[in-house]
Colleague: 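My questions will all concern the structure given below.
Lettering of chains follows the sequences in order, A, B, ..., and the numbering in each one begins at 1. Everything numeric here is computed off the predicted structure, so don't read it as measured data. FYI, side chains are in, hydrogens and waters are out, and symmetry mates aren't considered; it's all heavy atoms of this structure.
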Amino acid sequence: MPMYQVKPVFGDDIKTDLPTCMYKLPNIHAQRSASGCSEHALQNGTEVDPAFRDLEVRQDKIMRRLNELKAAVDGLAKTVTTPDADLDQTVTSLSQSPTATSFRGTADLDSLLGKDLGALRDIVINANPARPPLTLLVLHAMLCQRYRVLSSVHVHSSVSGVPAQLLSCLGPRHADSYVRQRFQLGFTLIWKDVSKLQMKFSIQNMCPIEGEANVARFLFRLVAPYPSDPALATLVDSWVDTAFFQLAEGSAKERSAVLRALNGALGRDPWLAGPELSLADIACYCCVLQTGPAASSPANVQRWLKACENLGHFGPANPLLQ
Amino acid sequence: MTKDAVQGAAEEADQAQSKKGLKKQQKEAEKAAKKAEKQAKLAADTQSTDEDDFAKDRYGVPQMVQSQQKLDRVLVRVQKLTPEKADQLIWVRARVHTSRAKGKQCFLVLRQQQFNVQALVAVGERASKQMVKFAANINKESIVDVEAMVRKVEQKIESCTQQDVELHIERIFVISQAEPRLPLQLEDCVRPDGEGDEDGRATVNQDTRLDNRVIDLRTTTSQAIFRLQSGVCQLFRDTLTNKGFVEIQTPKIISAASEGGANVFTVSYFKTSAYLAQSPQLYKQMCICADFDKVFCVGPVFRAEDSNTHRHLTEFVGLDIELAFNYHYHEVIESITDTMVQIFKGLRDKFQTEIQTVGKQYPSEPFRFLEPTLRLEYTEGVAMLREAGVDMGDEEDLSTPNEKLLGRLVKEKYDTDFYVLDKYPLAVRPFYTMPDPNDKKYSNSYDMFMRGEEILSGAQRIHDAQLLTERAIHHNIAYFYYVTNTLVAGKIKSYIDSFRYGAPPHGGGGIGLERVCMLYLGLHNVRQVSMFPRDPKRLTP
């Protein structure tokens, strides 16, 4: 039945400029209007404007170059903190305060140590006063910079007395130490007559960890993660083991061999494993100085020892080395 | 006829009698003969012994020592019998521990407190056969005076404490004889429990020991235990006196129960009744308010608890401390834990012999502690227990098994048998405990544990009369009578009054001497550490 017809208000020949910066959706009325198909070609990527692709490629290249430059600058910043670079006083003064940013990324305590059950997460370390664990004291200082740590030192009844500097090796007592709940982490050092250094943390879930090297690895992971590159991580581990087995406990021949190896490695890179300070450097520093004075080591080693000291983390170890 | 019969009967009777009489006579004659024989034999024997006994005046039972004469004789202690005294003639007074005859010799073990030495009587020029027999027959536990030559031995005598010497007796006299049958044997008393069961030899059970305490206390183990206990008391006094504490004596007959009405002994007091003190708590605090600053007292404590457990007595010795502090009650905790650590160190360094002696009969792990003492908070303890699988509420008190489990967990992690648990929930503490300033659920109170068992309960005390009254009312402690807002009367009025005229902030705690000794040595029953224990079932000796 013919109805009345209205003349179209708009002619159907008007062209509209649709913006190209928005994404397109297929027309839900596509069955009826076949004329709108031409607009979808761009979205499907079958006919991409070659100029656009060139733009993308150029952008990628620029981003990559920027990243490389950033890495190079960071590396330079590290070497600047060592005194052998020819720089003036102003730069070296910056390096006196311990740099909290020398490690990339902080670890989350809950993910590392398990859920907080309301009790202070107390790390208990049993050490023999005849062989104070310098590495652990250095790591303790690093932990204190990252978390609120309640440190305490006890003397076990199996030992009749320890010198005063061993009692104060963890620094002065925190003002808040009478409320244990205010702290995130506990660090309890017990001077005890044990043959091997031992660490206890969660007696339900963990067996005790023995050996200064292993405890150092545990504590280091709370400070910063191990390098993700497996080769580098293995290098760190092997230097740590070398430090504790051959340097600290080895014969004179083994020690000089290790010092020569250190000398060689430090000739190539400023640090032992990778572009920055790692657990390998901490362990080797403590063990090298425990076996002999700094002046008796080879040239590269001496330079590296100075570099370590300038970072400022090794303060707690110094009073015990005298 | 009857006369005849009677006569006849009489005759018969006579005859019978005479027969009986004959028999009787015969028997008597036999008896007499035997007796005569015996006597003759004895006479012969004594004659022979009398003949041979040249040592008659060198042994025997002299008259009872009634201070007839004052001899200047020097008696040497068995402890001092060492090779240095070899070839000296000395006098010793000791008990006969054992005596064993072997032919012409008699071996004796002479005991003096923890020390014993072997002694020998041998037939020779100084001793006769009769003397050896006499020595072998001396009853055990008799006290003897012995003159002997000290001789070195080549082979160590393992069974005695003095292993390098033995005594060759020349004279032996019994000063005080013991009855031949003893109610218990000392070797049985000292035998460790497991050993007795294995060999089929007896060990003495505790009740028998306690009934015959006089003999039981003579054993080396008992001597060692009570010497150590004396040492604890001594160290307690010395350490506190060096810190500037004053020793006080508090009354034990009091008018009102301090800790709670149920566990007091009542005594009749003239026309009324009074109570035996459960603790010197109230009087310690009054001394602090009287400006003594730091006080301690050692005295009996009476608790009428009908608990028949391994660690409860109705009367025990309490060592109590109270001191005023400056700003934080942790000063009190540090003072008390330091005192305890000094006591442990003193025992470790000076009483090793006693600890080893006790360890022979009751073996246990040596006592371990940390200096400064480990202090954990109650929430930490609850978290550790929950981690181990115990289900408990935040404000719940620790039950005895939970305390023991927590002790084991702490020992596992920190390797200490002594620690402090701080910040107990307010609901489980007495009314005079100061509440925590930041969290109403908790209080400034603490418990100290040895080997997982509680030895001290202490706190910061409320020193404000107003707050104290509120807390007392909250706990329904006593009946108060108020007249226009002023406390007029009530059972603890005098206690609250002592805080109305300026009282410093103070705190303290008390330990039980017996419990501390028991836990230090790792023993299992507090009656072993109490000389004459009192419990709901025992009032004597």
Colleague: Please look at A:Asp122 and chain B and tell me whether the side chain, the backbone, both or neither of the residue comes under 4.5 angstrom of a heavy atom of that chain.
Modeller: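 Answer is both: backbone and side chain atoms of A:Asp122 are under 4.5 Å from chain B.
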Colleague: Quick check on the interface: out of B:Arg375, B:Lys423, B:Met384, who has the most heavy-atom pairs with chain A under 4.5 Å?
Modeller: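 Looking at each of B:Arg375, B:Lys423, B:Met384 in turn, B:Arg375 comes out on top.
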Colleague: Is B:Lys294 close enough and on-axis enough to B:Phe325, meaning under 6.0 Å and within 45°, for cation-pi?
Modeller: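 Here B:Lys294 fails the 6.0 Å and 45° test against B:Phe325.
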Colleague: May I ask you to decide if the ring planes of A:Phe183 and A:His174 are parallel, tilted or perpendicular, using 30° and 60° as cut-offs?
Modeller: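 Rings of A:Phe183 and A:His174: perpendicular, over 60°.
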Colleague: Name the option with the most non-hydrogen atom pairs under 4.5 Å to chain A; the candidates are B:Lys345, B:His328, B:Arg348, B:Glu377.
Modeller: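 Result: the option with the highest number of such pairs is B:Glu377.
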Colleague: Is B:Thr416 close to chain A through its backbone or its side chain, or both, or neither, when contacts mean heavy atoms under 4.5 Å?
Modeller: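 The answer is neither part of B:Thr416.
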Colleague: Just checking, is any N or O donor in the side chain of A:His140 or A:Ser151 under 3.5 Å from an acceptor N or O on the other one?
Modeller: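 A:Ser151 and A:His140 do have a side-chain donor-acceptor pair below 3.5 Å.
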Colleague: For B:Leu409, is it the side chain, the backbone, both, or neither that has a heavy atom closer than 4.5 Å to a heavy atom of chain A?
Modeller: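 Both parts, heavy atoms under 4.5 Å.
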Colleague: Determine, for B:Tyr432 and B:Arg461, whether the Lys NZ or Arg CZ falls below 6.0 Å from the six-membered ring centre while staying within 45 degrees of the axis.
Modeller: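 The answer is no; the distance or angle limit is not met.
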Colleague: Is it the side chain or the backbone of B:Arg368 that comes within 4.5 Å of chain A heavy atoms, both, or neither?
Modeller: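 Both backbone and side chain.
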Colleague: Looking at every non-hydrogen atom in both residues, tell me the closest pair between B:Asp394 and B:Pro425 and how far apart they are.
Modeller: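 Minimum heavy-atom contact is O-CG, 4.1 Å.
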Colleague: Chain A heavy atoms under 4.5 Å from B:Phe367: which part of the residue, side chain, backbone, both or neither?
Modeller: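 Contact with chain A: backbone only.
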Colleague: In terms of heavy-atom proximity below 4.5 Å to chain A, should B:Asp415 be classed as side chain, backbone, both, or neither?
Modeller: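 For B:Asp415, heavy atoms of backbone and side chain both lie under 4.5 Å from chain A.
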Colleague: Ignoring hydrogens and geometry beyond distance, is a side-chain donor-acceptor pair present between A:Asn128 and A:Lys192 at under 3.5 Å?
Modeller: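 A:Asn128 vs A:Lys192: no donor-acceptor pair found between side chains.
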